[in-house]
Amino acid sequence: MTTDSDVAARAAAAFSDRYGGKPDGLWAAPGRVNLIGEHTDYNDGFVLPFALPERVVVAAARTDAGWTACSDFTTETVTFGDVEAAAPGAVTGWAAYVAGVVWALRDAGFDVPPARLAIASDVPVGAGLSSSHALECAVLTALADLGDLDLPIEDRPRLVQRSENAYVGAPTGIMDQSASLRCRAGHALFLDCRSLEVEHIPFDVAAEGLAVLVLNSNAPHSHSDGEYGARRRSCEDAARILGVPALRDVPADGLETALKQLDDAVVRRRVRHVVTEDQRVLDTVELLRSGRIREIGPLLTASHASMRDDFEITVPQVDVAVEAALMAGAYGARMTGGGFGGCVLALIDADRAEAITAAVTSAYDQHGFTAPTPLVAVPSPGATRVG
Ligand code: GLA
């Protein structure tokens, strides 16, 4: 595995190769895993992600006009100016994540500095670990510093979300950007997605002899964008029928009454997932606040069952991984992220990472699935300048 400084060195080298000279600075933003609280963010609910050590690093320097971006994973260098930066959708592909941030900042009235950017990353792509949000957050952090923009940390996630929703065109919530920008090492980020208040919850798994094992299911994502939007619409429709601003306003002890007001069995399942998942986040936070890390295991596993049976966003690969990890001794396991593939996380004894990876690999073998890719997720800091 590469380290942060390798990625930073690659970004600096990409900068010198493509543009000549040295960047003015290096800025990093991490990918994330979500410990618990899935599809609750756009329902104004609660989430509990933590940042990964894997990061996107942007090497950047001010220039005279326009924006140019290159990356060490492609030979393509993309240049755009005021016109493209004012027109959502004008820049497409990976560079849309750069142009979207420029657009969102300018749309909010900021004087964005013209810049050259070179990007490197070790966040796995397409694994549901938020590699694209990490890119947007690294670009935003770089441009804010380069332009000396007066942009408090609390306001940054919404800008990245606007870039994602309105420029890139993905209807995602507020969790991933908040995690990438606001997490702290050794902590999970308890975020109220309505007020955007955060509490940094100590999550020092290593001190307890534990680890969070993340296994990339390597399941091909299919139709995931459309399914994500469909889930979001069902939740919003349900809130309308129930006469509440968002499903967050249905309390756990009011769930049965709410379900009786909904005719559609599918919508009832979606609502049950969101309302019970919010409560699981709150219960997890309570346990972590009192240092009872192992005891969150059953909540993680219940979250998975809810995503599988009620929200219907899992695929056989992630279900098999959760089952096999539990059989091999994990305290709890669940899919993490938007769904339809991506990663599973398992809370395990630190010395069981290899054994549990082997158990999941063997179950995959029996099902004819491509082997999973493991990483041990260490709660890491959010976006920052690194050079
Ligand atoms: C994706 C989105 C987030 C969130 C999760 C599901 O990661 O970007 O906003 O909705 O899915 O919890």
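Along the sequence shown, residues carry numbers from 1. All heavy atoms count here, side chains included; hydrogens, waters and symmetry mates do not. Every number for a ligand or one of its atoms is a count from 1 in the order of the listing.
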Quick test: of every protein heavy atom, which one is nearest to [atom], and how far off is it to 0.1 Å?
atom                    : result
atom 1 (C) of ligand 1  : D176 OD2, 3.7 Å
atom 10 (O) of ligand 1 : Y228 OH, 2.6 Å
atom 3 (C) of ligand 1  : D41 OD2, 3.3 Å
atom 11 (O) of ligand 1 : G338 CA, 3.3 Å

message: Checking R55 against S380 for the side-chain hydrogen bond (donor to acceptor under 3.5 Å, both in side chains) test, could you report, in this order, the C-alpha distance in whole Å, the side-chain angles of both residues, the deciding distance, and whether it holds?
response: CA-CA 10 Å; R55 304 188 145 222; S380 297; over 6 Å; no
- prompt: What about the rings of Y42 and Y228, do their centers lie closer together than 6.0 Å?
  reply: yes
Output yes when the distance from some N or O of ligand 1 to some N or O of [X] is under 3.5 Å, and no in every other case.
X    : value
E38  : yes
N34  : no
T40  : no
M175 : no
T172 : no

For the student: nearest non-hydrogen atoms of [X] and [Y], plus distance:
X    : Y    : answer
A333 : H304 : O-CB, 3.7 Å
R62  : D24  : N-OD2, 3.0 Å
P251 : V275 : O-CG1, 4.0 Å

message: Give the atom numbers and elements of ligand 1 that come within less than 4.0 Å of a heavy atom of G173.
response: 9 (O)
- line: Sequence neighbours excluded, the answer for ring-ring contact (aromatic ring centres under 6.0 Å, His included) partners of F110 is none
message: Under 4.0 Å, counting heavy atoms only: does R32 come that close to any atom of ligand 1?
response: yes
- request: Look at ligand 1 and say whether H133 reaches it with a heavy atom at a distance under 4.0 Å.
  value: yes
- request: Check step by step if side chain to side chain contact (heavy atoms under 4.5 Å, CB included) holds for L26 and F15.
  value: CA-CA 10 Å; L26 299 162; F15 187 97; over 6 Å; no
task: Identify the residue among L347, L288, L299 that makes a side-chain contact (heavy atoms from CB on, under 4.5 Å) with L35.
output: L288
